[in-house]
Protein chains: 2
Amino acid sequence: MAQKVKLSTIAEALGLSTATVSLALRDSPLVAEVTRERIKAEALASGYIYNRRAASLRTSKSGIVGVCVHDIMNPFFGEILIAIEHELDRHRQTFILCNHYDALAKQRSFIDTMLQLGADGLILSPAIGTPASDLELAETNELPVVLIARTVEGAGAPSFRGDDSVGMEMAVRHLVELGHRRIALVGGTEATSTGRLREAGYLRALAEAGIEFRPEWRIAGPRSRHSGFDAVPGFLRLSDRPTAVCCFSDLVALGFMYGLARAGLRPGRDIAVTGYDDIDEAAIAVPPLTTVANGQKEVGRRAASALVARLGGTPFAAADELILPELKIRNSSGLD
Amino acid sequence: MAQKVKLSTIAEALGLSTATVSLALRDSPLVAEVTRERIKAEALASGYIYNRRAASLRTSKSGIVGVCVHDIMNPFFGEILIAIEHELDRHRQTFILCNHYDALAKQRSFIDTMLQLGADGLILSPAIGTPASDLELAETNELPVVLIARTVEGAGAPSFRGDDSVGMEMAVRHLVELGHRRIALVGGTEATSTGRLREAGYLRALAEAGIEFRPEWRIAGPRSRHSGFDAVPGFLRLSDRPTAVCCFSDLVALGFMYGLARAGLRPGRDIAVTGYDDIDEAAIAVPPLTTVANGQKEVGRRAASALVARLGGTPFAAADELILPELKIRNSSGLD
DNA sequence: CTGAAAGCGCTTACAG
DNA sequence: CTGAAAGCGCTTACAG
């Protein structure tokens with residue numbers, strides 16, 4: 001590597017100006033076809049690398065979109081991310097991924113980094129406790145924000161997610177129809193809109209069925225496979241033990257089923273279990289998991305394309321966009 | 001947002017030069033303490049946002065490290081990524097994540113993007129078929145590359161990974177000790193070093209035990225939970241069916257166990273199963289999965305810190321660094 | 001301890 | 001269709 005080749009290197013080699021070279025490389029019709037071909041050939045031959053920092057400094061567009069979620073390893077987010085990636089790829093946007101693990105400080109530092117890099121937009125599953133002001137900071141600095149999975153009260157940012165309360169209502173109603181009257185809700189927390197809304201759906205379905213809710217049925221907290229597994233012993237010690245368990249997510253349900261099996265109980269036979277999300281694994285689990293499809297693909301696609309549209313100049317449309325959930329009945333809620 | 005505030009905005013407000021402001025914000029001892037405080041206060045009050053593109057253009061350091069793996073949703077990579085993230089965070093490097101899904105074109109376009117953004121380094125689990133020249137392109141353009149999980153023949157880049165052949169040998173030897181003589185190897189492909197090395201370990205252990213390998217025992221291909229699940233019917237149709245199955249990864253093993261259970265067979269009782277990686281889920285699976293701990297945390301930590309050291313000026317040390325695997329005996333290989 | 005000036009590598013009006 | 005020049009917002013020698 002003798003010298004770094006830049007626009008001016010190519011320009012000099014060809015006896016042209018950097019303006020012409022710049023235009024040609026970006027396929028401007030202003031440049032004559034033959035010139036353009038010569039320039040492109042020279043760029044290729046010389047191993048030219050486009051310097052996006054320089055371009056971005058000049059244009060104040062970076063082609064970068066930041067995406068920050070609780071945990072990218074969670075298949076629920078993973079499935080959303082694939083859809084986002086696909087959509088962003090189509091529009092030649094680079095996306096920068098980050099976990100915030102529900103730590104506000106980590107999320108803030110991510111937003112900061114995106115601001116410093118001059119990112120064009122942000123897709124966020126907001127960390128627990130995110131104040132609207134954190135999102136406004138971004139908007140104020142010309143960094144539009146789109147929310148996924150969760151929403152933030154008072155923030156102008158549009159939110160794309162499944163209809164959590166309706167979805168959970170479906171799951172509970174399904175269990176009621178199977179004859180269950182003692183139904184627990186395992187996992188999730190008051191601290192997120194998801195947790196609150198799913199709990200609301202659960203309570204509504206119970207009320208609708210004329211079942212009086214008992215506080216010990218609500219085992220709040222678990223949101224991972226492991227914590228779902230760990231919730232089992234406590235559940236089994238419940239006096240007048242529920243016959244059915246609605247889990248906050250598939251991950252929690254899958255862990256809970258592992259836990260039940262470990263304790264010698266057969267999910268779907270001894271205890272009915274439902275999940276939420278319908279991740280890929282749900283269908284092959286043992287037993288196959290009854291769950292609520294949460295539209296991950298739609299969430300990702302719509303969020304990304306709303307952002308892309310906004311970058312193109314179209315202002316955001318509606319505030320919140322809810323994707324209709326769909327109940328997937330399999331065997332974990334009762335073997336046939 | 002009236003006007004964007006930049007260094008010169010602060011400098012003017014305070015009657016100083018941009019040089020002083022720049023120095024002060026980066027805590028240079030060249031600037032008097034009082035001046036520094038005044039500058040920092042003004043920066044905060046005015047909502048100043050550091051423009052990293054401009055700085056990076058000038059210094060040709062970007063503070064960005066690119067990380068590209070087959071699939072970030074795979075918990076094996078997820079666990080590596082967490083370690084990388086932790087290490088990089090400590091050194092205030094932003095990391096940009098990407099899936100290449102074993103598509104060379106996608107990996108190439110990622111390397112290209114990193115080059116254009118002026119990334120400081122690259123951590124790569126190379127896509128199947130990666131030619132050494134792709135990595136050299138990066139190195140030539142001052143983008144040092146570190147490999148994880150897999151290696152690339154002929155590339156100068158150091159590679160951090162578990163000792164695949166030794167690990168698989170451990171698993172097979174364990175099954176042999178339990179009395180198995182017909183042992184299948186499910187998943188993985190010749191196309192990756194991981195696949196080749198693990199197969200080599202498997203063959204070595206068979207040979208060592210005086211067992212003659214039969215081609216139908218090698219069910220190549222599966223590398224996901226789903227494909228592990230799908231491999232079961234074919235396996236069950238094998239005449240003179242193996243009594244034990246070594247799986248290429250935990251994910252494959254977990255899917256395979258789902259498949260066995262679906263077919264009414266009890267993993268660990270009717271068929272012994274082992275995994276590879278010891279991901280978080282292995283210990284709570286039903287039955288708990290016997291597997292080979294593959295040192296994800298170490299891989300991530302060492303890869304990241306080798307890269308950071310290199311950025312600091314220390315050239316790479318050895319070529320390949322192998323982490324010693326460890327057999328974790330649980331119940332899937334035979335209930336006690 | 002602080003300032004004036006050049007330059008990183010692009011793109012964008014503006015001229016011709 | 002092509003070129004000369006300014007400027008994006010920093011940092012880095014160099015002076016003083």
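Sequence lines set the chain letters: A, B, ... in the order given, protein chains first and strands last, and positions in each chain run from 1.
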Residues A:D102, A:R150; criterion salt bridge (Lys or Arg N to Asp or Glu O under 4.0 Å); working and verdict: CA-CA 12 Å; A:D102 270 324; A:R150 298 172 179 170; 2.9 Å; yes
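- Here the rule is salt bridge (charged side-chain N to carboxylate O under 4.0 Å, His left out) with A:E321, and of A:R301, A:R161, A:R302 only A:R302 fits it.
- In this entry the distance linking CZ of A:R26 with C1' of C:dG9 reads 13 Å, nearest Å.
- Between B:D27 and B:K40 there is a salt bridge, since a side-chain N of the basic residue sits under 4.0 Å from a carboxylate O of the acidic one.
- Taking 4.0 angstrom as the limit, A:T20 places a side-chain polar atom (N or O) nearer than this to OP1 or OP2 of D:dG3.
- For B:S17, taking side-chain heavy atoms from C-beta onward, the closest of the listed nucleotides D:dT2, C:dT12, C:dG3 is C:dG3.
- In this structure, the CG atom of B:L7 is 13 Å from the C1' atom of D:dT12, given to the nearest Å.
- Side-chain contact between B:I96 and B:V67 is absent, with no heavy-atom pair separated by less than 4.5 Å.
- To the nearest angstrom, P of D:dG7 lies 18 Å from CG of B:N51.
- Here A:R53 does not reach the OP1 or OP2 of C:dC10: none of its side-chain N or O atoms lies under 4.0 Å away.
- A donor-acceptor contact closer than 3.5 angstrom is absent between the side chains of A:T192 and A:T189.
- The A:T59 side chain lies nearest to C:dT12 when the options are D:dT12, C:dT12, D:dT2.
- Here A:A19 lies in heavy-atom contact (under 4.0 Å) with a base.
- One atom, CG of B:L25, and another, C1' of D:dT11, lie 12 Å apart when rounded to the nearest Å.
- Under the 3.5 Å distance criterion, with hydrogens and angles disregarded, no donor-acceptor pair is assigned to the side chains of B:R36 and B:S28.
- At a non-hydrogen distance threshold of 4.0 Å, nothing from residues 27-40 of chain A comes into contact with DNA chain C.
- The nearest whole Å value for the distance from the CG atom in A:L57 to the C1' atom in C:dT11 is 10 Å.
- When rounded to the nearest whole Å, the span between CD1 of A:I10 and C1' of C:dT11 equals 15 Å.
- A:E12 has its CD atom 13 Å from the P atom of C:dC10, to the nearest Å.
- Of the candidates D:dT2, C:dA4, D:dC10, the closest approach to any side-chain atom of B:A54 belongs to D:dC10.
- When heavy atoms are screened at a 4.0 angstrom cut-off, B:G15 is found touching the sugar-phosphate backbone but no base atom.
- Distances shown here put every side-chain N or O of A:S22 at or beyond 4.0 Å from the OP1 or OP2 atom of C:dC10.
- Proximity of A:F76 to A:Q296: side-chain heavy atoms (C-beta onward) are separated by under 4.5 Å at one or more points.
- With 3.5 Å as the limit, one finds a donor-acceptor pair spanning the side chains of B:S22 and B:R26.
- Judged by distance alone, the side chains of A:Q107 and A:Y101 never bring a donor and an acceptor atom under 3.5 Å apart.
- Secondary-structure annotation of DNA chain D gives the stems C:1-3 with D:14-16, C:5-12 with D:5-12, C:14-16 with D:1-3, with a stem taken as at least 3 successive Watson-Crick or G-U pairs whose two distances both fall under 3.5 Å.
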CA sep, side-chain torsions, deciding dist, call: A:E142, A:K61, salt bridge (Lys or Arg N to Asp or Glu O under 4.0 Å): CA-CA 11 Å; A:E142 275 145 47; A:K61 291 265 152 267; over 6 Å; no
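- Taking atom CZ of residue A:R58 and atom P of nucleotide D:dA5, one finds them 16 Å apart after rounding to whole Å.
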